[in-house]
Each structure stands twice: as C-alpha cells, then as structure tokens.
Asker: 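One structure coming up, written as structure tokens, with questions to follow.
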Amino acid sequence: MSTYYATKAEGCLLLHQGAAALADVEAAGIRIDGRRLQANIDRVSRKISNIREQLKQSEVWQVWEKTYKHKANMRSRSQLGTVLFKQMGIPHPLSIGPNDTRTKGGRYRTDAHTLSLVDHPFVKRYLSCERLEKARATYLLGIQQETHNGYLHPSFNLHLVRSYRSSSDSPNFQNMPRHNPWIARLVRSCFIARPNHYLIESDFSKIEVCISACLNKDPELLRYMRDPTTDMHRDIAAELFQCEQSEVTKQARDCAKGNFVFAQFYGDWYKHCAALIWQNIGSQKLTLADGTPLKKHLATKGIRTLGSCQSGGRPASGTFERHVQRVEDWFWNERFRVYNERREQWWMDYQQRGYFDLITGFRISGLYNRNDVINYRIQGPAFHCLLWALIRLNRWLKKKRMKTKIVGQIHDSIVADVAKSEREAYLAKSNKIMTQELPKAWPWIIVPLKVEAEAAPLGGAWIDKETIS
DNA sequence: AAACAGTGCGCG
DNA sequence: AAAGCGCGCACTGTTT
C-alpha cells in the first residue's frame, strides 16, 4: 500500500508557481478598443432587430403568437420546438431512425445541429439570429461589462477543473469565437495591442496527441508525431473513405480528424462516428480529389446506406455503419494496438486502486468512468506543458525588465502583448522554452514539440494575427 | 427576488 | 458494460 498523497511536490510547485504567474497575467490585462466594441454592439444590435422584424412577418410567428399569446417569446427554444414540431406538424428531423427527438426534460430537441436539418426559411433565419444573440450577449456585452480603463482582466483558475487543466472566467478568455469568421471578427477585433506592441499567440501544435504518444508509447503514434512527413488524419481518412491517400481532400481529412480520430481518442464508438461522418459527407458534399462525390465512390465499394445505428443492434452488411465498425476495429487492434492495451491497463489499474496519477504529479481519486480515467491523464499534463512554459517565460520577462507582458492563455497557447523592440527576443525565447527547455526538464516527453506563432500587426487587433514563418 | 434545473453554445 | 473529454455563460421556465 503506497502512502496517500493528493499531490506530489512537483505538482504542488507547478500550481504555486502557475498561480503566481497567472496573477501577473491577470494584473497585466488585455487592451480593449472601447469604441470599436461599442460600434460592434450597435451594429449587431441593429442586425438582430432587422432579422427579428423579418421573422415576425413569417407564418411561423403567427402560429407562435396564437399558441402562446402574450407569453410568446422568440428566445424560447422550448416554445420554438412546440410551434414547429407540434403546432405546425413539421416532422422532427431526428424522427427518422433511433435518435432522440426529445431532450431528457421531454422538450423537443432544438439545438443548431438539429434545426439545420429542418428545411424552412424561418428556421435558417432564426439560427443566424441566435448566433448573433450569442455574440452580443455572451461576448460583446460580457467584455464591455468587465472592461475597466480600457483593459480587460480575465481570471485564470487552476483549482476548478477535475483534470487539473485551467479555466477562465469574468469573462472566459478561453472561448472567444474563432471558427465563424464574421462572428470572430466582431469579437476579436476589439482585442488590441498596447501602443507600439504586437499581440502574439504561440500555440503548442498537436500537444494533446504528442502527450498521449509519450504516455502510451504506441510505436505508430510515436512515428506519426516524430515524422512530419506523415499525416495520421489523412491515413485514417483513406481507410474510412476506402481510397488512396492521394485521393483524400483537405475537407475529407478534417472530417476524419474531427469525427473519427479525435472522437475515438476521447472514447466515442463506431455507431456515433458513422452517423456523424455520414451526415458530414452529405452536408459538406465531400468528394475525392478528382471530384467524385464520396457517396458515389463508396457505392462502388458496396456501401450505399448508413445503417440503423441502433445501440444493441448488429450492423447490417453493406452499410457504412458496418464499415466504420471494421475501421474502428482496425484502428484500435492493429494501427494503435499498444495505445489500446495501455488504456485498458489504465482503466484496470484505476478500478483496483480507486485513484489514478497524472505524470505531472497529481493523484486523482474518486468516482470516474472509463473515458475520464483515460482522458484526464492526457488532458491535464498537456496543459501542464503550457503552464510550465508560461511560468518560465513570465519569469524571464520580469527578470529582464521587459515591456512585453503575457496577457492570456488558452489551454495550449500563450497570448502576449509584445513590445516592438522585443519581438525577436520574445519569439526566440518562447520557442526555446516551449520546444527545448521543457523536454529537457521533463524527460518523459519523448517526441519533438513544435510551436506555431502568430502575430497581429503593430498596434493591431487579435483578429488580424497571421502566422509567422 | 433569488435559486435551481434544463438547454444550448462558444472554445481547446 | 457503456458509448466523446474539459470548461463558463446566457437564457427560459419553475420552485422556493
């Protein structure tokens, strides 16, 4: 029986030094363009009113008001579901197949993914309006509320997350819009550098996969992480779509990456993956490199339908579901066999002991399911790499009495407000700490680490950052 | 009025 | 046997 400990000395030290460094980050704050922020709030507010007016012309709104009278509220998803799928009798898009058309509370499911499958002009407009509402309320107004004297000081916490990652609040700096270009610009154009400074974001590339490979020591995963000419996602896409690697388009690769590789790594299973990918092939009209539609191509391989994807049911032959089941089997029992053995071992060990340890010096005890046990062991240490680097970088900036300040952190990236004259020194030092000093300090890191740095123009906004070659 | 549960959505 | 991990925040609708 080993001695009980909550956290090893290394873990303790990391959190103490991390908290101190993040306190500096919070105190520094990130500069906000207040006029731009107000202009964007006005702009998006006008846009929302316009769309609302249009929505109120629709027959859907007539039914809505008739149903709910003075309580009719366009922001209510629960009302929307009842109006569309009950009052108007529009078939719920998930009613085909085994999917849950209702949430656990018994309401109609009305999230964006579900509604995007409803072919009705009102619904399309409604969704675009809700996206704007989200941008306005959570982000623009949230930022405005927390901005003081032109600076925003988000909190960064090390004591709230079960996997020993960090979180951020007031406002949450770690979920500012990025994927939707229009919304991203609306919000990120308000974050600006100090005068004569650059906003620079340094990102650990593929850090979770790298850490995963270091911990499970799967030879194939290690090979992918060590050889930059290989591409795991492309290879898996070729299996999923039954084609040559050279026929995989970027879109098809990204589909495999998001809906299969990462999903599988996080503990998803083939029935769900098959449904996600099949829907993606259709909605994105995925093709082979020569333009052949993927569904047409798969048909030549004898795969013409998705299959029922019923949990408990055996997939029928000739279905995509059956095919993905085979790929899943190949993925875990051939390609990443060692990884698979290791995660089973992690799960068994936890069940016997009632706790599991992170390699960075933390013991996690309590009730966890299989996926938690596997994922936390990777998620936590991946963030600790970033935290370790942030501590060193901050220390260096202070010791050298530099004007540059770290102003934020997003799990695997550091955002800094870099003085013009310190740009080159900052880039060199951050790169050195992240890719050289860290693996030296933590010898269990046995794959090369890579940083991707992006910089915004001098005095410019976060949204305009561009990759530094 | 405040607290709570439920739902949905933004990010890694 | 179960069936994707981690957060924070806004809003609706109900309960206290």
Side-chain angles (χ1 to χ4, degrees), chain A residues 68 71-82 98 100 102-116 127 130-143 145-146 154-180 183-184 186-188 201 203-209 212 258-276 309-312 325 328 343-344 347 351 364 368-380 382-383 386 408-413:
Chain A
Y68 287 99
K71 286 192 172 161
N73 176 356
M74 213 183 265
R75 293 303 309 275
S76 166
R77 296 285 180 124
S78 141
Q79 292 184 9
L80 173 70
T82 304
D100 267 345
R102 309 272 186 151
T103 63
K104 68 172 180 186
R107 302 174 194 166
Y108 287 104
R109 206 173 278 288
T110 54
D111 57 284
H113 176 251
T114 304
L115 290 179
S116 73
L127 281 177
E130 285 295 290
R131 262 199 305 276
L132 297 178
E133 284 283 9
K134 175 79 176 165
R136 192 178 92 97
T138 301
Y139 297 105
L140 296 175
L141 293 178
I143 291 166
Q145 219 158 26
E146 298 288 349
S155 293
F156 293 96
N157 315 295
L158 295 176
H159 62 297
L160 296 177
V161 182
R162 296 206 307 175
S163 62
Y164 286 93
R165 238 196 191 185
S166 68
S167 73
S168 168
D169 64 80
S170 312
N172 183 350
F173 183 69
Q174 296 176 321
N175 71 346
M176 294 298 164
R178 193 169 89 97
H179 302 316
N180 179 309
I183 305 279
L186 205 58
V187 174
R188 293 185 176 223
E201 185 163 356
D203 189 298
F204 259 134
S205 68
K206 302 183 253 177
I207 190 68
E208 281 207 19
V209 186
S212 172
N259 299 319
F260 189 82
V261 180
F262 281 139
Q264 288 287 329
F265 280 168
Y266 287 137
D268 207 353
W269 66 319
Y270 71 94
K271 284 177 191 291
H272 184 224
C273 290
L276 285 177
C309 295
Q310 304 252 11
S311 68
Q325 184 186 30
E328 183 188 70
R343 58 181 196 154
E344 287 314 320
W347 175 227
Q351 286 177 296
I364 299 179
Y368 297 93
N369 64 34
R370 186 173 174 277
N371 286 338
D372 293 337
V373 172
I374 296 160
N375 292 324
Y376 292 9
R377 292 183 68 136
I378 297 163
Q379 193 184 75
F383 167 68
L386 193 279
Q409 162 269 123
I410 314 176
H411 307 300
D412 65 354
S413 75

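A, B, ... follow the sequence lines: proteins, then strands. Residue 1 opens every chain.
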Asker: Could you tell me which nucleotide pairs with C:dG4 by Watson-Crick or G-U wobble geometry, both distances under 3.5 Å, or answer none if nothing does?
Answerer: none
Asker: Whole Å only: how far is the CH2 atom of A:W269 from the C1' atom of C:dA1?
Answerer: 11 Å
Asker: Looking only at the side chain of A:T103 (C-beta and beyond, no hydrogens), which of the listed nucleotides B:dC11, B:dG8, C:dG4 gets closest?
Answerer: B:dG8
Asker: Looking at A:R77, I'd like to know whether one of its side-chain N or O atoms comes within less than 4.0 Å of OP1 or OP2 on B:dG8.
Answerer: no
Asker: Tell me the interatomic distance from A:D111, atom CG, to C:dA10, atom C1', rounded to whole angstroms.
Answerer: 16 Å
Asker: When the distance from CZ of A:F260 to P of C:dC5 is rounded to whole Å, what number comes out?
Answerer: 17 Å
Asker: Using a 4.0 Å heavy-atom cut-off, does A:R107 contact any base of the nucleic acid, only the sugar-phosphate backbone, or nothing at all?
Answerer: sugar-phosphate
Asker: Evaluate side-chain hydrogen bond (donor to acceptor under 3.5 Å, both in side chains) for A:Y266 paired with A:E208, printing each intermediate quantity in order.
Answerer: CA-CA 11 Å; A:Y266 287 137; A:E208 281 207 19; 3.2 Å; yes
Asker: Give the nucleotide from the list B:dG12, C:dG6, B:dT7 with an atom nearest to the side chain of A:K104.
Answerer: B:dT7
Asker: Can you tell which of C:dC5, B:dG8, C:dG13 lies closest to the side chain of A:K134?
Answerer: B:dG8
Asker: Looking for any heavy atom pair under 4.0 Å, which part of the strands does A:Y376 touch: base, sugar-phosphate only, or nothing?
Answerer: sugar-phosphate
Asker: Round to a whole Å and report the spacing from OH of A:Y164 to P of C:dC5.
Answerer: 20 Å
Asker: Heavy atoms under 4.0 Å, any strand shown: does A:T110 hit a base, just sugar-phosphate, or nothing?
Answerer: sugar-phosphate
Asker: For A:N375, report the nucleic acid contact type (base, sugar-phosphate, nothing); a contact means any heavy atom under 4.0 Å.
Answerer: sugar-phosphate
Asker: Just to be sure I understand the rule, does A:A135 reach a base, reach only the sugar-phosphate, or reach nothing, if contact means heavy atoms closer than 4.0 Å?
Answerer: nothing
Asker: Kindly point out which of C:dC9, C:dA3, B:dC11 is positioned nearest to the side chain of A:D169?
Answerer: C:dC9
Asker: Just checking A:S168: base, sugar-phosphate only, or nothing, at a heavy-atom cut-off of under 4.0 Å?
Answerer: sugar-phosphate
Asker: So which nucleotide from C:dC7, C:dT12, B:dG10 ends up closest to the side chain of A:S76?
Answerer: C:dT12
Asker: Please determine, for the side chain of A:S78, which listed nucleotide (B:dC9, C:dG13, C:dC7) has the closest atom?
Answerer: C:dG13
Asker: Of the nucleotides C:dC7, B:dC11, C:dG4, which one has an atom closest to the side chain of A:N175?
Answerer: B:dC11
Asker: Rounded to whole Å, please give me the gap between CD in A:Q379 and C1' in C:dC7.
Answerer: 9 Å
Asker: Classify the side chain of A:R165 versus the base of B:dG12 as yes if they form a donor-acceptor pair under 3.5 Å and no if they do not.
Answerer: yes
Asker: Consider the side chain of A:N172, meaning its heavy atoms from C-beta on, and name the nucleotide among C:dA10, C:dC5, C:dG8 that approaches it most closely.
Answerer: C:dG8
Asker: Just the rounded figure in Å: distance from C1' of B:dT7 to CD of A:Q79.
Answerer: 14 Å
Asker: Which is true for A:L160 with a 4.0 Å heavy-atom rule: it touches a base, it touches only sugar-phosphate, or it touches nothing?
Answerer: sugar-phosphate
